[in-house]
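Below is one structure, written out as structure tokens; the observations come after it.
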Amino acid sequence: MGRRGARPPRVPAPRRDRGIAVKIGYLQLRPQFGRTKENVRAAKSMLVGVTDATVVLPELFNTGYVFRNMEEVRDLAETAAGVTVTELRKVAVAQRLNLVFGFLEAKNRKYYNSSALITAKGATHVYQKAHLFDREKLFFQPGNGAFKAYPVEGAKIGMMICFDWFFPEVTRSLALDGAQVVCQPANLVLPWCQDAMRTRSIENRVFSVTANRIGMEKRGNISLTFTGKSQVVSPKGDVLASASERSETLKVVEIDVAEALDKHVTPNNDLFRDRRPALYKALLRKAV
Ligand code: ACM
């Protein structure tokens with residue numbers, strides 16, 4: 001223990017001699033159910049002229065969302081070597097883009113609600129959604145992979161998908177693995193995510209990009225309206241870009257990604273060093 005009244009030691013801030021400028025953004029789309037070719041073509045045409053950026057597309061942007069049965073899932077699923085990933089890899093490499101997008105993945109006769117990160121150098125990383133929402137549980141397996149940050153030119157990128165936001169452990173795990181930009185393909189139907197992602201960004205000091213879809217999908221007796229309002233948020237919770245609820249739109253903003261390296265909240269608080277994992281044991285217990 002220090003002397004009574006002694007000031008706590010200051011935690012040195014990381015050196016930031018220069019910023020690291022990168023461009024990040026979202027492509028908000030209105031996919032048509034079951035029309036993979038058209039959906040991929042529409043995304044590619046909206047990306048024409050965009051270069052040297054990280055762009056996030058919605059969850060399941062290539063297939064649509066409201067599946068009625070397992071047969072539809074099987075018909076529309078692709079492997080990570082399928083046409084969607086292959087086509088978007090061509091765009092990523094030609095336009096020096098890191099693309100993050102949701103797709104319906106078939107792997108070892110199982111089906112996942114997945115997202116891919118295709119880097120500007122052509123590398124592919126896949127994340128399988130861990131927290132399935134509502135009827136997704138009828139069709140998809142939950143992913144069991146670790147939440148990982150992947151290095152791309154100038155930044156480290158983490159992926160989560162839509163409803164994963166409801167579990168703050170996801171963004172925290174990505175941030176602890178070094179993610180500076182958390183990319184969230186989404187098909188949001190509940191109203192809270194955009195506000196919550198500001199908190200996720202603040203409490204982890206990371207940039208976040210939520211790419212939501214718009215439009216309504218009515219299939220049989222199920223009808224869902226997607227909420228749009230894709231956004232880019234800074235590590236201090238500022239909304240750097242925000243889309244409407246109604247239009248397909250692409251927005252890219254320039255950020256200093258080094259802002260996500262500084263985890264200080266006050267000169268005496270570093271939000272990673274101040275964590276108390278020994279007190280968080282309940283997090284590892286199963287719910288009763
Ligand atoms: C969702 O996870 N698509 C709401």
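Both counts, for ligands and for their atoms, begin at 1 and track the order of listing. Counting from 1, the numbers follow the sequence of the chain as shown.
Ligand 1 is approached by N187 to a heavy-atom distance shorter than 4.0 Å.
With a heavy-atom cut-off of 4.0 Å, K129 touches ligand 1 through its side chain alone. Residue contacts with ligand 1, taken as heavy atom pairs separated by less than 4.0 Å, involve F133 solely via side-chain atoms from C-beta onward.
Atoms of ligand 1 lying under 4.0 Å from at least one heavy atom of E136, given by number and element, are 1 (C), 2 (O), 3 (N). Every atom of ligand 1 is numbered from 1 in the order shown, and the set under 4.0 Å from a heavy atom of Y65 is 1 (C), 3 (N). Close approach of ligand 1 to C162 is summarised as follows: ligand atoms under 4.0 Å from at least one heavy atom of the residue are 1 (C), 2 (O), 3 (N), 4 (C). Of all atoms in ligand 1, numbered sequentially from 1 with element shown, those under 4.0 Å from a heavy atom of E59 are 1 (C), 3 (N).
Inspection of the Q128 and E105 side chains reveals an N or O donor paired with an N or O acceptor under 3.5 Å.
Residues K263 and D270 are not paired through a salt bridge, judged by the lack of any N-O separation under 4.0 Å between the basic side chain and the carboxylate. A salt bridge does not link E169 with R172: none of the charged nitrogens is closer than 4.0 Å to a carboxylate oxygen. A salt bridge links E136 to K129: one of the charged nitrogens lies within less than 4.0 Å of a carboxylate oxygen.
Counting heavy atoms from C-beta on, the side chains of P168 and E203 come closer than 4.5 Å. The side-chain heavy atoms of H125 and I157, taken from C-beta on, include no pair separated by under 4.5 Å.
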